[in-house]
Amino acid sequence: MGVDLINYIDRGGIIVYILIFLNIIGFTIMFWKLVVIALSSNKREFLINEIILFAKENSSEFKKDSIENFINRKIRKLEFGLNTVKIIASIAPLLGLLGTVIGVLESFDSITKSGLGDPSIFSSGISVALITTIAGLIVAIPHYIGYNYIVGILDDIELKIQKEVLKKI
């Protein structure tokens with residue numbers, strides 16, 4: 001199985017190596033974000049008290065907007081890096097499609113050089129096309145899921161903080 005996987009990766013060419021690189025970057029960022037979110041949930045009460053102190057220092061007419069802006073700034077710090085995951089999720093299928101086009105182009109070049117007599121001549125190009133398409137989807141799908149999951153967690157944290165702050169004011 002391991003040798004076959006390496007063989008498929010080699011046959012997919014540079015596109016598959018780029019997708020593997022993007023996959024490593026994306027999963028590293030998602031793991032890092034989950035660790036940061038887990039650590040920040042321990043500091044939630046401190047953050048709520050900081051927001052309440054901030055609200056008490058501001059005038060009452062700007063209080064609601066100021067509180068929401070303050071909370072948004074804190075949440076945006078937690079969201080840092082997630083755009084990269086979203087970009088990877090968006091670009092991976094496009095890279096797979098690029099590999100598909102390259103593979104089909106190789107197939108047509110083979111047909112042009114050798115004719116249609118032997119199907120094995122153009123099958124390697126089709127193989128590259130399918131491998132890169134699969135690799136692009138394998139990278140994109142978990143990144144879409146991970147991005148949406150983490151954004152959902154952050155939205156939930158934001159709502160809980162707003163609720164707690166409004167309760168204490």
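Panel note: side chain D156, backbone G152; no donor-acceptor pair is recorded below 3.5 Å. No side-chain donor-acceptor contact under 3.5 Å links K33 to the backbone of T28. Panel note: side chain S127, backbone S123; no donor-acceptor pair is recorded below 3.5 Å.
No side-chain heavy atom of H143 sits less than 4.5 Å from a side-chain heavy atom of L22. You'll find the side chain of E158 reaches within 4.5 Å of the side chain of N72, heavy atoms only. Counting heavy atoms from C-beta on, the side chains of T133 and L97 never come closer than 4.5 Å. Proximity of T132 to L95: side-chain heavy atoms (C-beta onward) are nowhere separated by under 4.5 Å. Using a 4.5 Å heavy-atom cutoff, the side chains of K74 and L78 are not in contact.
In this view, S124 satisfies the side-chain hydrogen bond (donor to acceptor under 3.5 Å, both in side chains) rule with no residue, not counting sequence neighbours.
Hydrophobic clustering places V36 together with F80 (ILVMFWY residues linked when any side-chain heavy atoms are closer than 4.5 Å, directly or through intermediates). The same ILVMFWY cluster, assembled from side-chain heavy atoms under 4.5 Å apart, contains both I91 and L98.
Atom CD1 of I71 is separated from atom CD1 of I157 by 12.5 Å, given to the nearest 0.5 angstrom.
Under the 4.0 Å criterion applied to side-chain N and carboxylate O atoms, D109 and K113 are not assigned as salt-bridge partners.
Counted within 6.0 Å of OH on Y17, heavy atoms from surrounding residues, nucleotides or ligands total more than 12; the atom is thus considered enclosed.
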Side chain to side chain donor-acceptor pair (under 3.5 Å) between N83 and Y147: does it pass, once the steps are laid out? CA-CA 9 Å; N83 274 340; Y147 172 80; 4.8 Å; no
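Across A92 and V139, no two heavy atoms sit closer than the pair CB-CG1, 3.7 Å.
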